[in-house]
Amino acid sequence: MEKKIIATTSLAGCFGCHMSVLDIDERILELIELVEFNKSPVDDIKTFTKPVDIGIIEGGCCNSENVEVLRSFRKNCKILISLGECAIMGGLPALRNGIPIEECLNEAYINGPTVGLNTQHILPNDDELPMLLDKVYPCHEIVKIDYYLPGCPPSAELIWDALVALITGSKLDLPYEVIKFD
Ligand code: SF4
């Protein structure tokens, strides 16, 4: 069977979902028989070098760079998966959505109890830095998402079963125990 091409990224995520992918443990040896990784933090490929079959997104969108990367995944991947609660609904980072962005920045860089050295009260303003969005957005509010794998992080069993089903075209029969939302 021809290997499927996979790409992954972490947007406003914590890399915990990627760690859960690695939690498939020794089955990673079976996985690399089935797939070839393209752009992903698990290798050193920074830009897409070929069309991708399955794109896996961890994290929602909290800044302009996240949006750009997510759109490039949609453009380059036939199937896009939101992996984990952050990608699906913003996750814990979306707790900031009820607080004005200016208040968040002032607390982080000026008023917070651990802000010691910023005596000139400067907010980060270099052009190289991506702009924070007004709130944290789930991926499906930016691009079309084809599949959702819930959990914070999703269990390795869920990731494995879902990936194998997608790659081989077999029926996905998920037992209740492998699906969780926490
Ligand atoms: S869903 Fe949970 S584990 Fe995954 S990126 Fe978000 S916080 Fe981390």
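Read the numbers this way: they start at 1 and go in the same order the structure lists the ligands and their atoms.
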| query | With a cut-off of 2.8 Å, how many protein N, O or S atoms neighbour atom 4 (Fe) of ligand 1? | reply |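 Near atom 4 (Fe) of ligand 1, the number of protein N, O or S atoms below 2.8 Å is 1.
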
Between [X] and [Y] (salt bridge meaning N to carboxylate O under 4.0 Å), is one present in this structure?
| X | Y | answer |
| --- | --- | --- |
| Asp25 | Arg27 | no |
| Glu157 | Lys180 | no |
| Lys50 | Glu36 | yes |

| request: Could you pull out all residues at least two apart from Tyr109 that satisfy ring-ring contact (aromatic ring centres under 6.0 Å, His included)? | output: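 In terms of ring-ring contact (aromatic ring centres under 6.0 Å, His included), with neighbours along the sequence ignored, Tyr109 is linked to no residue.
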
| field | Counterpart residues, ring-ring contact (aromatic ring centres under 6.0 Å, His included), relative to Phe73 (two or more places apart) | value |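 For Phe73 the ring-ring contact (aromatic ring centres under 6.0 Å, His included) partners, ignoring immediate neighbours, are Phe48.
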
| task | Linking directly or through intermediates, with side-chain heavy atoms under 4.5 Å: list the remaining ILVMFWY members grouped with Tyr176, chain and number order. | result |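 Besides Tyr176, the cluster holds no residue at all.
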
